Undergrad: 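Just passing along the structure, written as structure tokens.
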Amino acid sequence: ACSSGTPDAGGDAPSTAEPTAITVGVIPIVDTAPIWLGVEKGFFSDEGLDVTVQPTTGGAASVPGVVAGSYDFAFGNYVSGMVANDKGLGLKYVTNGNSTAGNPDFGAVIVAADSDIESPADLAGKTVSVNNLSNIGDTTIRTVVDNDGGDSSTINFVEVAFPDAEAAVTNKQVDAAWILAPFLDSAVANGARVITYNFSDFDPGLDVSGYFTTLKTFEGKPELVKAFQTAMNKSLEYADTHPDEVKQIVTTYTKMTMDQLDAMVLPKFNVEFNREALTKLGKAAADFGTLSAEPDLDTLLP
Amino acid sequence: MTTPMLSIKNLKKVYQVADGEIEAVRDINLDIAEGELICIVGPSGAGKTTLLKCIAGLLTPTSGSVELAGVPVSGPPKAMAVVFQEYGRSLFPWMTVRANVELPLKNAGVPKAEREKLVNEALVAVELEHVPESYPWQLSGGMQQRVAIARAVAYRPKVLLMDEPFAAVDAQTRADLEDLVRDIWHKLGVTILFITHDIDESVYLAQRVIMLSNSPTVVQDDLTIDLPDERDQLETRSSKRFAELRTHVYEQIQLAKASKPTGAVATQKTTKR
Amino acid sequence: MTTPMLSIKNLKKVYQVADGEIEAVRDINLDIAEGELICIVGPSGAGKTTLLKCIAGLLTPTSGSVELAGVPVSGPPKAMAVVFQEYGRSLFPWMTVRANVELPLKNAGVPKAEREKLVNEALVAVELEHVPESYPWQLSGGMQQRVAIARAVAYRPKVLLMDEPFAAVDAQTRADLEDLVRDIWHKLGVTILFITHDIDESVYLAQRVIMLSNSPTVVQDDLTIDLPDERDQLETRSSKRFAELRTHVYEQIQLAKASKPTGAVATQKTTKR
Amino acid sequence: MSLLKRAGYFFGLPVLLIIMWWALTLGGTNFFVPTPEALAKTFWEVWAGERFVTDFLPSIMRLFVGLVATIVLGIGLGILIGSIRWLRSLTEPILEFFRAIPPPVLVPLFMLLIGINDQMKILVIISGAIWPVLLNTVEGVRAVDEVLNDTSRTYGIHGFSRLRYLVLPAASPQIMAGVRQSLSIGLILMVISEMFGSSSGLGFTIVLFQRTFAIPEMWSGIAVLGLIGIALSLISKGIERKVLRWYHGLKEVQRDS
Amino acid sequence: MSSTNSRMRNQRVAGPALGLAGILLFLLVWEVVARAGIVDQRFLPPASEVLVTFFGNLIEPGFYQAVGETMLAWAIGLAISTVAAVVIGLIIGSSSFLSKATYSTIEFLRPIPSVALIPLAVLLFGVRIESSLMLIIYASFWQVLLQVLYGVADVDPVAENTAKSYGLGPLARARYVIWPTVLPYLMTGLRLASAVALILAITAELIIVSRGLGYQIALSQSGGAISEMYALVLATGLIGVIINLAMRFIERKTLSWHSSIRSEVVA
Ligand SMILES: Nc1ncnc2c1ncn2[C@@H]1O[C@H](COP(=O)(O)OP(=O)(O)OP(=O)(O)O)[C@@H](O)[C@H]1O
Ligand SMILES: Nc1ncnc2c1ncn2[C@@H]1O[C@H](COP(=O)(O)OP(=O)(O)OP(=O)(O)O)[C@@H](O)[C@H]1O
Ligand SMILES: [Mg+2]
Ligand SMILES: [Mg+2]
């Protein structure tokens with residue numbers, strides 16, 4: 001209610017003279033390249049949207065930001081959304097954001113070169129770092145370990161931020177670390193070994209993150225949502241087919257260099273939700289106690 | 001007689017301390033008429049400062065009452081100025097000499113021009129006109145004490161309470177200041193209560209000398225000084241009547257002191273250690 | 001003659017202040033033999049405290065020197081005790097009276113039994129034996145001053161410097177303390193330098209009275225007191241020689257005071273505001 | 001003061017505030033702001049059980065060790081820096097430099113140098129909480145009364161005795177002000193230290209609750225912090241009453257209680 | 001005279017020189033730790049490398065914009081919290097009823113980390129500067145408040161009695177007696193608070209509003225630009241040093257009468 005970014009009125013017609021101003025909260029990482037690219041390409045103004053991309057540094061601000069109306073949409077991974085809805089927050093994902101790239105992937109569990117961990121099952125009983133507990137990292141890793149025959153309940157997960165994770169592995173402060181690009185690539189270049197690409201090993205078609213809004217906005221402003229979906233999907237498609245432009249735009253809003261980007265694996269940008277994989281993800285999260293019950297995907301997804 | 005300026009009735013003050021009580025003042029009755037100049041003498045630790053603080057409304061008596069012009073004193077009354085025994089600590093170290101003297105006037109809303117005049121006069125009177133911009137901690141002990149006196153004098157109070165105000169100044173300055181006090185008293189008709197240890201000074205200054213007993217304190221004697229109003233440092237002090245009076249006071253003080261102990265009678269409930 | 005206990009040569013002290021300099025002491029030359037009892041008198045703000053602090057090694061002279069038994073003083077020498085003019089602030093508020101008196105002894109490593117004896121004797125001498133467990137801020141001004149005196153006395157120094165130590169005590173106590181000082185001096189053979197404003201006191205106590213001029217200070221006069229060594233409050237003070245001597249001192253002080261101003265001569269480079 | 005009156009003072013304002021809060025949340029609540037009842041219920045559920053042993057106690061232990069080290073170090077260094085002028089000139093800029101660096105940025109460095117363990121967390125607590133004690137001690141030491149200082153010097157009270165009998169007591173009112181500040185900052189730093197390389201602890205739990213939108217639980221954790229704060233403050237006040245008895249006596253008596 | 005004079009002059013020069021020496025010493029230790037491989041250079045680049053990046057930043061206009069944004073939030077936040085804390089502190093401190101009645105509440109609120117209040121802040125103010133202001137103010141307010149409360153308690157009773165007896169009312173006493181006594185405590189509180197405010201300004205930028213130095217630090221962290229990150233941290237620390245210099249200057253001006261300053265000048 002107190003943000004300048006809210007759209008004017010409810011009954012606005014898109015693609016007319018007056019564009020609707022919206023604010024989208026995103027994390028400034030490679031995963032969100034499509035929206036930056038889409039804005040640059042004019043996909044959003046085509047739909048009558050004047051988008052302000054507002055960088056945030058994580059879920060701590062983005063969910064309350066959406067709920068408080070500072071953001072009309074925000075970027076977040078699906079487990080976060082499931083957890084929020086599990087607590088009754090009423091979030092709705094409107095489009096996909098990024099998906100696993102397969103093998104190799106942009107995220108993996110790594111160990112030091114001289115570690116005796118060889119397979120996911122060996123992680124049992126070890127200390128593994130993830131950026132946030134009770135989230136997509138530990139959920140997928142545990143499933144992968146269980147599938148490999150290990151007992152994932154014996155893993156000791158600790159929180160270490162991605163930028164610090166490689167150091168933690170090298171200095172033997174943790175046995176293994178879940179790590180994302182670009183840190184993954186530099187770690188591997190320095191000798192770290194990949195134990196599992198946990199997203200794609202969980203499900204080769206796993207969607208990782210998406211753009212969400214509140215149920216209230218979703219139901220109250222169908223036109224706005226529709227316009228956003230159209231433009232966003234166009235952006236995803238474009239990004240998926242133009243990796244060089246993705247890399248180019250990433251250098252404008254992060255401090256990554258072209259060299260780093262050339263070395264790393266880009267995520268896939270799928271338009272279609274992979275309901276099957278998300279159902280599996282929700283079930284795993286519920287099994288491990290991150291969620292109190294399996295999520296209702298009909299509420300979570302459009 | 002009209003209502004006295006100050007009326008002290010059955011004043012009793014007991015200090016509460018961690019391990020008991022200290023009865024500083026037992027029972028004091030005293031009336032002071034408007035425009036009187038009274039000196040209080042008494043052994044060290046008798047309770048003079050305590051009495052003065054009660055009169056100034058800075059301490060609440062344990063029992064008894066203090067009335068100023070018929071009105072019970074509950075807080076520091078306006079139009080009363082106090083010169084504290086701890087002169088060093090009663091000056092504000094963050095203000096210059098001038099600012100220290102000026103503050104009460106400024107606070108009372110005295111216009112600037114008048115204020116300046118009063119401050120300058122007071123500083124000249126205590127012979128400190130050459131250091132108005134010094135800070136108190138740059139002055140000698142006696143100079144600090146004179147600043148405190150100047151502040152009280154400049155304030156032009158109706159009642160002036162002074163607690164050993166000349167303790168730190170030299171003999172000559174002391175004589176000058178004594179004359180200054182009597183001068184102000186004459187000119188302004190102010191009521192003055194003056195605590196001193198100097199018996200000669202008390203007799204020279206006062207219309208009445210109150211002698212206090214050892215603590216717990218009562219009024220031991222109340223002596224009217226029947227010296228002529230016009231006093232002179234040499235003449236008055238060498239007069240026969242002066243010698244008689246001072247002998248009287250001296251004897252009383254010795255009497256008071258004889259009733260040991262000097263200082264507090266500590267009726268301590270428990271005496272730790 | 002042997003080397004004097006204290007030898008002050010061409011002592012000069014200039015205070016640096018924000019807006020210039022204040023010349024407090026201009027040129028003092030003074031020799032004090034071992035076991036002498038000397039009184040210093042002078043106008044308020046003359047520089048007595050400054051002089052004392054230089055002797056005690058607390059202030060560095062701007063020029064000139066202070067020697068103690070032939071050794072230049074650079075910091076506070078051991079075996080010297082000082083009673084400060086600001087008695088209230090020289091007591092440790094977090095210690096009881098007893099602890100305050102005991103501290104220097106404890107620090108010097110005096111054994112407990114002996115320490116206790118010395119402390120008790122000192123407290124009895126200043127008539128404070130009834131309040132050893134009180135804190136300084138629970139005492140009257142005069143009592144505080146007596147604690148400071150007791151501390152110095154109990155310390156058994158070789159040199160004792162006292163800055164108006166009796167300013168806050170009543171006449172009777174003052175007389176008693178004067179006798180105490182002479183008594184200690186006799187018994188312990190200590191060298192005493194005693195600053196006072198009371199001319200009678202200076203003559204009564206001293207073997208020699210040094211009169212200081214107005215600030216910037218020089219020695220105005222140096223008077224040997226040729227009274228018999230055995231002194232008595234009534235007899236000595238009423239003797240003819242005593243009267244002569246005190247008149248001499250009084251005249252000198254008046255002379256000193258006449259050379260205005262009293263207090264600092266502020267040779268301020270720039271005079272702000 | 002009677003016990004009843006004291007309780008009145010202690011609980012009066014909090015009760016008033018809770019009633020206000022209750023009244024404000026009466027007409028429908030926001031997701032992020034629970035009602036007092038909900039919070040009270042959650043509080044019990046969350047903190048009475050296993051969490052007390054697995055999260056609460058370890059945190060408290062680290063906090064305790066961190067605070068003790070903070071106070072000892074802060075006073076020790078403060079005395080050194082406060083009384084030695086060249087040391088003050090030498091260290092002040094560099095200390096100010098570290099003081100201005102946000103702990104969230106400093107923590108990764110500690111992780112590098114020390115590792116992910118209790119020592120690291122304790123160091124984080126010290127690195128953030130030491131400043132109030134340190135600065136206050138430095139200022140307190142610098143402001144020792146001149147006459148008292150002169151008195152000590154003339155009686156030959158040097159070195160350790162001077163510290164014990166003059167400097168420490170004289171600076172103690174200001175040091176205690178610093179200690180009281182440090183206690184609550186230490187608590188805050190405990191939370192921050194557990195945000196990194198952690199999987200248990202009070203701070204970790206609160207942040208986890210926050211991230212998983214367990215909002216009443218999160219507030220209950222914050223309430224625990226507040227209660228610890230009160231407990232710490234009461235303890236320090238008790239100590240202060242002992243250590244600064246002379247000081248309060250001096251102020252109170254002359255102020256005429 | 002000349003000897004004392006030259007000694008004083010020496011000290012005046014020696015102060016900053018020593019401070020600089022302290023900083024150089026620290027940089028040297030850092031350099032050695034990194035070069036000697038005590039810590040992997042990839043995680044802690046040597047000081048020289050960071051300094052090169054740092055000086056490189058100094059010619060970037062974007063750097064100054066970030067600094068400007070951070071300092072704006074810092075200044076507003078610090079100003080509001082200081083004024084509020086001083087006013088409230090003087091009021092509470094002068095009344096024994098208020099001190100007793102607010103004690104438990106203050107002690108409860110003080111240890112609540114600003115970080116935990118982020119959701120509330122975002123909810124109340126959105127993702128805007130007001131949110132970070134709320135965090136800054138919340139965190140630095142207590143620092144000043146507590147110091148002011150202790151300062152008020154430290155007023156010399158004789159000085160206060162003097163003021164009372166000359167008819168100075170509560171307001172005049174606050175201005176002429178309590179305020180000067182509180183000032184040394186306040187200066188300490190201010191120095192504490194200014195660092196805390198800077199920390200919170202940057203933390204808030206890291207987490208909520210994406211601008212300023214904090215955001216730049218976050219960006220370099222997530223982009224793996226390690227020496228850039230340390231260069232920014234260096235800048236943060238230097239800002240702290242500069243703020244402290246300014247505070248010291250103000251202190252020397254306003255507290256020239258205080259014994260802590262006096263002893264530095266005279267003795
Ligand atoms: N704050 C206090 N707490 C406890 N006792 C006190 C306090 N102030 C004074 N006393 C005691 O009360 C008695 C009277 O003290 P007071 O200061 O009134 O004496 P006084 O007559 O002014 O003495 P002096 O001439 O030495 O200044 C003393 O015994 C003293 O110990
Ligand atoms: N710290 C200081 N800074 C500047 N000037 C000072 C300082 N201390 C003393 N003075 C000045 O030096 C002169 C002598 O002061 P001192 O205290 O020695 O006098 P005194 O003879 O002891 O006087 P009194 O008898 O009043 O105590 C005074 O003019 C005083 O203003
Ligand atoms: Mg008295
Ligand atoms: Mg003097």
Side-chain angles (χ1 to χ4, degrees), chain D residues 9-14 17 30 32-33 85-86 89-94 96-105 109 112-113 131-132 135-136 139 142-146 173-174 177 180-181 183-184 187-188 191-192 195 206-207 210 215 218 222 225-230 232-233 251 254-255, chain E residues 11 14-16 18-23 26 39 43-44 100-105 107-113 115-116 119-120 123 142-143 146-147 150 153-154 157-158 160-161 184-185 188 191-192 195 198-199 202-203 206 214 217 233 236-241 243-244 258-260 263-264:
Chain D
Y9 277 127
F10 198 86
F11 293 111
L13 187 59
L17 289 176
N30 188 301
F32 287 93
V33 185
R85 202 183 312 172
W86 64 263
S89 301
L90 183 72
T91 51
E92 193 169 287
I94 207 69
E96 292 306 320
F97 176 83
F98 278 111
R99 209 154 66 80
I101 296 178
V105 183
L109 190 63
L112 266 182
L113 298 174
W131 307 114
L135 288 195
N136 273 290
E139 299 305 317
R142 283 174 64 195
V144 170
D145 187 281
E146 298 138 281
Q174 211 156 346
R180 285 265 302 279
Q181 297 244 49
L183 294 183
S184 59
L187 204 50
I188 293 174
V191 173
I192 290 180
M195 287 164 65
I206 291 172
V207 175
Q210 184 181 333
I215 300 303
M218 176 194 86
I222 289 178
L225 291 182
L227 293 179
I228 298 175
I230 292 186
L232 284 177
S233 170
K251 298 284 171 190
Q254 302 194 4
R255 254 194 212 121
Chain E
Q11 270 151 4
L18 273 174
L20 209 62
I23 290 190
F26 160 71
V39 187
F43 309 133
L44 180 65
K100 282 184 232 153
T102 53
Y103 170 76
S104 55
T105 310
E107 295 307 319
F108 182 87
L109 292 176
R110 255 175 357 112
I112 293 176
V115 202
L120 191 67
L123 211 62
W142 305 112
Q143 312 272 322
L146 211 72
Q147 291 288 138
Y150 268 88
D154 196 34
V158 177
E160 205 184 1
N161 278 345
Y185 283 84
T188 307
R191 290 175 58 204
L192 286 169
L198 186 60
I199 288 173
I202 285 172
T203 310
L206 274 167
I217 291 177
V233 171
T236 311
L238 283 182
I239 292 175
V241 174
I243 290 173
N244 183 60
H258 193 252
S259 62
S260 66
S263 62
E264 310 263 286

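Model, not experiment: these values are computed from the prediction. Just so it is clear: chains get the letters A, B, ... in the order the sequence lines come, proteins before strands, and each one is counted from 1.
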Undergrad: If you compare all heavy atoms of Leu44(E) against all heavy atoms of Leu109(D), which two are closest, and at what distance to 0.1 Å?
TA: CD1-CD1, 3.7 Å

Undergrad: Just how far is it from atom CD of Glu139(D) to atom CD of Gln147(E), taken to the nearest 0.5 Å?
TA: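 One gets 9.5 Å once the value is rounded to the nearest 0.5 Å.
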
Undergrad: Give the member of Gly214(E), Ala195(E), Gly237(E) that has the highest number of heavy-atom pairs under 4.5 Å with chain D.
TA: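 Max contact count across the listed options: Gly237(E).
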
Undergrad: Looking at every non-hydrogen atom in both residues, tell me the closest pair between Pro113(E) and Val191(D) and how far apart they are.
TA: CG-CG2, 3.8 Å

Undergrad: Chain E heavy atoms under 4.5 Å from Leu17(D): which part of the residue, side chain, backbone, both or neither?
TA: side chain

Undergrad: Using 0.5 Å steps for rounding, measure from the CH2 atom of Trp142(E) to the CD1 atom of Ile188(D).
TA: 10.5 Å

Undergrad: Which region of Ile202(E), side chain (C-beta onward) or backbone (N, CA, C, O), has a non-hydrogen atom less than 4.5 Å from a non-hydrogen atom of chain D, or is it both or neither?
TA: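 For Ile202(E), the side chain is the part near chain D, not the backbone.
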
Undergrad: What is the distance from atom CD of Gln181(D) to atom CZ of Arg110(E), rounded to the nearest 0.5 Å?
TA: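 Rounded to the nearest 0.5 Å, the CD-CZ separation comes to 6.5 Å.
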
Undergrad: Relative to chain D, which of Gly22(E), Ala21(E), Ala101(E) shows the most heavy atom pairs under 4.5 Å?
TA: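 It is Ala101(E).
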
Undergrad: Over 60° means perpendicular and under 30° means parallel, so tell me whether Tyr103(E) and Phe10(D) are parallel, tilted or perpendicular.
TA: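 Judged by the thresholds at 30° and 60°, the geometry between Tyr103(E) and Phe10(D) is tilted.
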
Undergrad: Quick check on Ile215(D) against chain E: is it the side chain, the backbone, both or neither that has a heavy atom closer than 4.5 Å?
TA: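 Neither part; nothing is under 4.5 Å.
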
Undergrad: Only pairs of heavy atoms separated by less than 4.5 Å count here; which of Leu198(E), Val233(E), Ile243(E) has the most with chain D?
TA: Val233(E)

Undergrad: So for Thr91(D), is it side chain, backbone, both, or neither that comes closer than 4.5 Å to the heavy atoms of chain E?
TA: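 Looking at Thr91(D), nothing touches chain E.
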
Undergrad: With a 4.5 Å cut-off on heavy-atom pairs, point out which of Pro173(D), Ala177(D), Ala100(D) contacts chain E the most.
TA: Ala177(D)

Undergrad: Which heavy-atom pair separates Pro93(D) from Gly19(E) by the least distance, and what is that distance?
TA: CG-CA, 3.5 Å

Undergrad: With only heavy atoms counted, which part of Leu232(D) is less than 4.5 Å from chain E, the side chain, the backbone, both or neither?
TA: neither

Undergrad: Could you tell me the separation between the CG atom of Leu13(D) and the NZ atom of Lys100(E), rounded to the nearest 0.5 Å?
TA: 15.0 Å

Undergrad: For Thr102(E), is it the side chain, the backbone, both or neither that has a heavy atom under 4.5 Å from a heavy atom of chain D?
TA: both

Undergrad: Could you walk me through whether Leu192(E) and Arg99(D) pass the side chain to side chain contact (heavy atoms under 4.5 Å, CB included) test, one step at a time?
TA: CA-CA 9 Å; Leu192(E) 286 169; Arg99(D) 209 154 66 80; 4.2 Å; yes

Undergrad: Test side chain to side chain contact (heavy atoms under 4.5 Å, CB included) on Tyr150(E) and Gln174(D) and set out the steps.
TA: CA-CA 8 Å; Tyr150(E) 268 88; Gln174(D) 211 156 346; over 6 Å; no

Undergrad: Which value, rounded to the nearest 0.5 Å, describes the distance between Ile23(E) atom CD1 and Ile94(D) atom CD1?
TA: 5.0 Å

Undergrad: So which of Val207(D), Ile228(D), Leu135(D), Leu183(D) has the biggest tally of heavy-atom pairs under 4.5 Å with chain E?
TA: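 Sorted descending by pairs with chain E, the first entry is Leu135(D).
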
Undergrad: Which distance, rounded to the nearest 0.5 Å, do you find between the CG of Leu109(E) and the CG of Leu225(D)?
TA: 12.0 Å

Undergrad: Pick from Thr236(E), Asn244(E), Val241(E): which one has the most heavy-atom pairs with chain D under 4.5 Å?
TA: Asn244(E)

